[in-house]
Peer 1: 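Supplied in structure tokens, the structure appears directly below.
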Amino acid sequence: MFDLQLEYVAEWIRSRKHHSVALQIPEGLKSKATDIVDFLALNTDANFIISGDPCYGACDVFHNFKDIADALVHFGHSPIQNLQAERDVLFVEALCHVDIKENLRKNINEIPEKVGLLATLQYIECIEQAREILEKYGKKVIIERGDGRTCYPGQILGCNCSSAESVSQRVDAFIFIGEGNFHPLTVALHTGKKVFVFDPFTGELRNVDAIKDRILRKRFAVIQNAKVAERFLVIICSKIGQRRDTVAENIIKKIQESGKKAYKAYMDELTPQNLIAYHVDAFISTGCPRIAIDDYLRYNKPILTPVEAEIALGLRKWDDYAFDIIRSIS
């Protein structure tokens with residue numbers, strides 16, 4: 001289903017005469033890891049080692065690969081443009097080639113007149129297909145590229161929807177081409193616009209209003225619980241694309257100015273087990289915003305994004321709630 005471009009990868013390895021190659025594979029493709037190794041070993045003279053750690057995106061690129069190999073092949077993500085990749089790193093985007101035209105045509109009457117088109121990397125090729133169909137039926141379509149964290153017009157990441165932000169005032173709604181809820185929720189929470197999810201395989205078109213409302217109610221409850229906190233642990237993620245020292249220092253200053261205590265922690269992997277020992281009342285994650293939004297029930301204390309921390313401290317109103325996005329420069 002996903003194009004792993006293994007012949008191209010093999011040629012890249014052979015042309016550079018790499019003797020050892022590390023492979024970084026996201027969770028959804030790890031079942032293919034041994035097949036990838038088998039193919040590449042048969043078609044090159046290199047030795048291969050799989051990075052067994054979780055891989056969340058290009059923000060999580062294995063920057064210490066030189067400790068174990070000559071080169072790194074990172075599957076499933078495009079590079080973050082404002083982060084300089086090393087010469088011996090190959091990003092394999094693993095695009096999904098699927099024809100969505102007929103299924104999208106069936107939903108044409110449900111789609112507003114002015115829409116922005118968005119997709120995750122795997123379905124980025126579908127954007128032009130969607131534009132063709134929608135414009136054929138008289139819809140106005142707006143697609144723009146976001147900031148330096150993205151490579152393609154309309155591309156969004158779990159931590160960055162700048163391609164939606166840049167056009168939100170010119171559209172009635174967004175259509176997100178892909179699967180799951182987190183990415184479209186990022187857009188809905190950050191822009192306030194209606195967001196439809198179009199599944200490229202089933203052809204289902206649905207909006208995320210009900211899910212958005214449910215998430216907001218849960219986040220409101222977490223923030224309310226954190227309002228009585230006196231001691232905060234502010235966490236800086238060491239992953240190259242998630243590290244936001246300036247954001248962390250700013251929220252620490254705001255905590256201290258509010259008469260409360262702030263402690264700073266630096267870690268690569270933020271998990272409930274890594275935090276359970278700390279004697280604080282709440283956590284603030286300046287790394288991936290999914291941790292607070294998706295995984296909050298796993299933590300024994302409130303875990304907030306920096307934006308949510310400002311609300312808990314009384315520095316921002318609930319009506320000004322916004323999704324915490326990681327920009328090119330944070």
Peer 1: Any heavy-atom pair between the side chains of Pro79 and Cys151 that's under 4.5 Å?
Peer 2: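 Yes. Closest side-chain heavy atoms under 4.5 Å.
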Peer 1: Does any part of the side chain of Leu157, heavy atoms only, come nearer than 4.5 Å to the side chain of Gln155, both counted from C-beta?
Peer 2: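 Answer yes - side chains close enough.
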Peer 1: Just by distance, no angles: are the side chains of Asn160 and Ser162 close enough, under 3.5 Å, to form a donor-acceptor pair?
Peer 2: yes
Peer 1: Quick test of your reading of the model: are Lys17 and Asp45 salt-bridged, counting only N-O distances below 4.0 Å?
Peer 2: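 Asp45 and Lys17: not salt-bridged.
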Peer 1: Got a second to check how far Tyr8's OH is from Ile13's CD1, nearest 0.5 Å?
Peer 2: 11.0 Å
Peer 1: Do Phe323 and Phe182 have ring centroids that are under 6.0 Å from one another?
Peer 2: yes
Peer 1: Report the residue from Cys159, Pro289, Ser285 that forms a side-chain contact (heavy atoms from CB on, under 4.5 Å) with Asp324.
Peer 2: Pro289
Peer 1: Supply the atom-to-atom distance Leu118 CG to His183 NE2, rounded to the nearest 0.5 angstrom.
Peer 2: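 If I round to the nearest 0.5 Å, the distance is 11.0 Å.
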Peer 1: What side chain to side chain donor-acceptor pair (under 3.5 Å) pairs are there with at least one residue in residues 113-135, not counting sequence neighbours?
Peer 2: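 Non-adjacent pairs meeting side chain to side chain donor-acceptor pair (under 3.5 Å): His97-Glu125, Lys101-Glu132, Glu113-Lys139, Tyr123-Glu179, Glu128-Arg131.
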Peer 1: Does some side-chain heavy atom of Ile156 sit less than 4.5 Å from a side-chain heavy atom of Val187?
Peer 2: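 When only atoms from C-beta onward are counted, Ile156 and Val187 do touch, with a gap below 4.5 Å.
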Peer 1: Please assess Lys317 against Ile311 for the test side-chain contact (heavy atoms from CB on, under 4.5 Å), listing each intermediate value before the final yes or no.
Peer 2: CA-CA 6 Å; Lys317 294 183 179 179; Ile311 298 174; over 6 Å; no
Peer 1: Residues in ring-ring contact (aromatic ring centres under 6.0 Å, His included) with Tyr56, at least two apart?
Peer 2: none
Peer 1: In terms of side-chain heavy atoms, does Asn181 have a donor or acceptor partner in Arg206 at a distance below 3.5 Å?
Peer 2: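 Present: a donor and an acceptor within the cut-off.
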Peer 1: For Pro184 and Val197, which heavy atoms make the closest approach, and how far apart are they?
Peer 2: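 The pair with the smallest heavy-atom distance is CG-CG2, 3.5 Å.
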Peer 1: Taking the side chain as everything from C-beta on, heavy atoms only, tell me whether Phe39 gets closer than 4.5 Å to Asp35.
Peer 2: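 Result no, sub-4.5 Å side-chain heavy-atom pair not found.
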Peer 1: Go through the steps for Phe196 and Phe174 under the test side-chain contact (heavy atoms from CB on, under 4.5 Å), then give the verdict.
Peer 2: CA-CA 6 Å; Phe196 294 90; Phe174 288 100; over 6 Å; no
Peer 1: I would like to know whether Lys261 and Phe232 meet side-chain contact (heavy atoms from CB on, under 4.5 Å); could you show each step before the answer?
Peer 2: CA-CA 6 Å; Lys261 285 194 171 184; Phe232 293 84; over 6 Å; no
Peer 1: Do the side chains of Ile235 and Ile291 get nearer than 4.5 Å, heavy atoms only?
Peer 2: no
Peer 1: Can you tell me how far the NZ atom of Lys136 sits from the CG atom of Leu104, to the nearest 0.5 Å?
Peer 2: 11.5 Å
Peer 1: With sequence neighbours left out, what residues match His74 under ring-ring contact (aromatic ring centres under 6.0 Å, His included)?
Peer 2: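 Only His77, Phe91 meet the ring-ring contact (aromatic ring centres under 6.0 Å, His included) criterion with His74.
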Peer 1: Side chains of Tyr263 and Arg231: donor-acceptor distance under 3.5 Å anywhere?
Peer 2: yes
Peer 1: Taking all non-hydrogen atoms of both residues into account, name the closest pair between Ala265 and Leu233 and its distance.
Peer 2: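 So the two residues come closest at CB-CD1, 3.9 Å.
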Peer 1: Closest heavy-atom contact between Cys237 and Gln242?
Peer 2: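 Looking at all heavy atoms of both residues, the shortest contact is SG-OE1, 3.5 Å.
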Peer 1: Does this structure show an ion pair linking Asp268 with Lys239, if we count only N-O contacts that are shorter than 4.0 Å?
Peer 2: yes
Peer 1: Between Arg16 and Glu11, does any NZ, NE, NH1 or NH2 come within less than 4.0 Å of an OD or OE carboxylate oxygen?
Peer 2: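 No, Glu11 and Arg16 are not salt-bridged.
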Peer 1: Among the clusters formed by ILVMFWY side chains lying less than 4.5 Å apart, do Ile236 and Ile251 turn up in the same one?
Peer 2: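 No, no single cluster joins them.
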Peer 1: So, does Arg316 use its side chain to make a donor-acceptor pair with the main chain of Asp320 at under 3.5 Å?
Peer 2: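 Yes; at least one donor-acceptor contact below 3.5 Å.
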Peer 1: Side chains of residues 252-259: which donor-acceptor partners sit under 3.5 Å, not counting sequence neighbours?
Peer 2:
| unit_1 | atom_1 | unit_2 | atom_2 | d |
| --- | --- | --- | --- | --- |
| Lys254 | NZ | Glu310 | OE2 | 2.6 |
| Ser258 | OG | Lys254 | O | 2.9 |

Peer 1: Are any non-hydrogen side-chain atoms of Ile223 and Tyr321 less than 4.5 angstrom apart?
Peer 2: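 Counting from C-beta outward, Ile223 and Tyr321 do come under 4.5 Å.
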Peer 1: Under a 3.5 Å threshold, yes or no: a donor from one side chain and an acceptor from the other, between Glu165 and Thr191?
Peer 2: no
Peer 1: Partners of His18 by ring-ring contact (aromatic ring centres under 6.0 Å, His included), sequence neighbours excluded?
Peer 2: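 Once residues adjacent in sequence are excluded, the partners of His18 under the ring-ring contact (aromatic ring centres under 6.0 Å, His included) criterion are Trp12.
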Peer 1: Does Tyr266 have any ring-ring contact (aromatic ring centres under 6.0 Å, His included) partners at least two apart in sequence or in another chain, and if so, which?
Peer 2: none
Peer 1: Test your reading of the model: is there a side-chain donor-acceptor pair from Asp199 to the backbone of Thr202, 3.5 Å cut-off?
Peer 2: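 Checked: pair present.
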Peer 1: Just how far is it from atom CG of Leu6 to atom OG1 of Thr44, taken to the nearest 0.5 Å?
Peer 2: 11.0 Å
Peer 1: Ignoring hydrogens and angles, state whether a donor on the side chain of Asn47 or Ser20 is under 3.5 Å from an acceptor on the partner side chain.
Peer 2: no
Peer 1: Testing the basics here: between Phe62 and Leu72, what is the closest heavy-atom pair and its distance to 0.1 Å?
Peer 2: O-CD2, 3.6 Å
Peer 1: In terms of hydrophobic clusters joined by side-chain contacts under 4.5 Å, are Val307 and Leu189 together?
Peer 2: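 Result: no, two separate clusters.
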Peer 1: Please report the interatomic distance NZ(Lys30) to CD1(Ile36), rounded to the nearest 0.5 Å.
Peer 2: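 The NZ atom of Lys30 sits 10.5 Å away from the CD1 atom of Ile36.
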Peer 1: Quick test of your reading of the model: are Lys194 and Asp209 salt-bridged, counting only N-O distances below 4.0 Å?
Peer 2: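 Salt bridge present between Lys194 and Asp209.
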Peer 1: Does a side-chain heavy-atom distance below 4.5 Å link Asp245 with Thr286?
Peer 2: no
Peer 1: Run the numbers on Ile211 and Leu185 for side-chain contact (heavy atoms from CB on, under 4.5 Å), then give the verdict.
Peer 2: CA-CA 8 Å; Ile211 300 170; Leu185 278 172; 3.6 Å; yes
Peer 1: How long is the gap from CD1 on Ile133 to CZ on Arg105, to the nearest 0.5 Å?
Peer 2: 4.0 Å
Peer 1: Group every Ile, Leu, Val, Met, Phe, Trp and Tyr by side-chain heavy-atom contacts under 4.5 Å, then state whether Val92 and Ile124 land in the same group.
Peer 2: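 Per the 4.5 Å side-chain linkage, Val92 and Ile124 are co-clustered.
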Peer 1: Looking at Glu269, I want to see if its CD is surrounded by more than 12 non-hydrogen atoms of other residues, nucleotides or ligands under 6.0 Å.
Peer 2: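 Counting neighbours around CD of Glu269, more than 12 heavy atoms of other residues, nucleotides or ligands fall under 6.0 Å, so yes.
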Peer 1: Considering all heavy atoms of both residues, which atom of Met267 and which atom of Asn274 are nearest to each other, and what is their separation?
Peer 2: SD-CB, 4.3 Å
Peer 1: Any side-chain heavy atom of Tyr152 sitting closer than 4.5 Å to one from Arg145?
Peer 2: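 Not touching, per the 4.5 Å side-chain cut-off.
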Peer 1: Okay, side chain of Arg149, backbone of Gly241: is any donor-acceptor separation there less than 3.5 Å?
Peer 2: yes
Peer 1: Please find the pair of heavy atoms, one from Val9 and one from Leu40, that lie closest to each other, and give the distance.
Peer 2: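 What the structure gives for the nearest pair is CG1-CD2, 3.9 Å.
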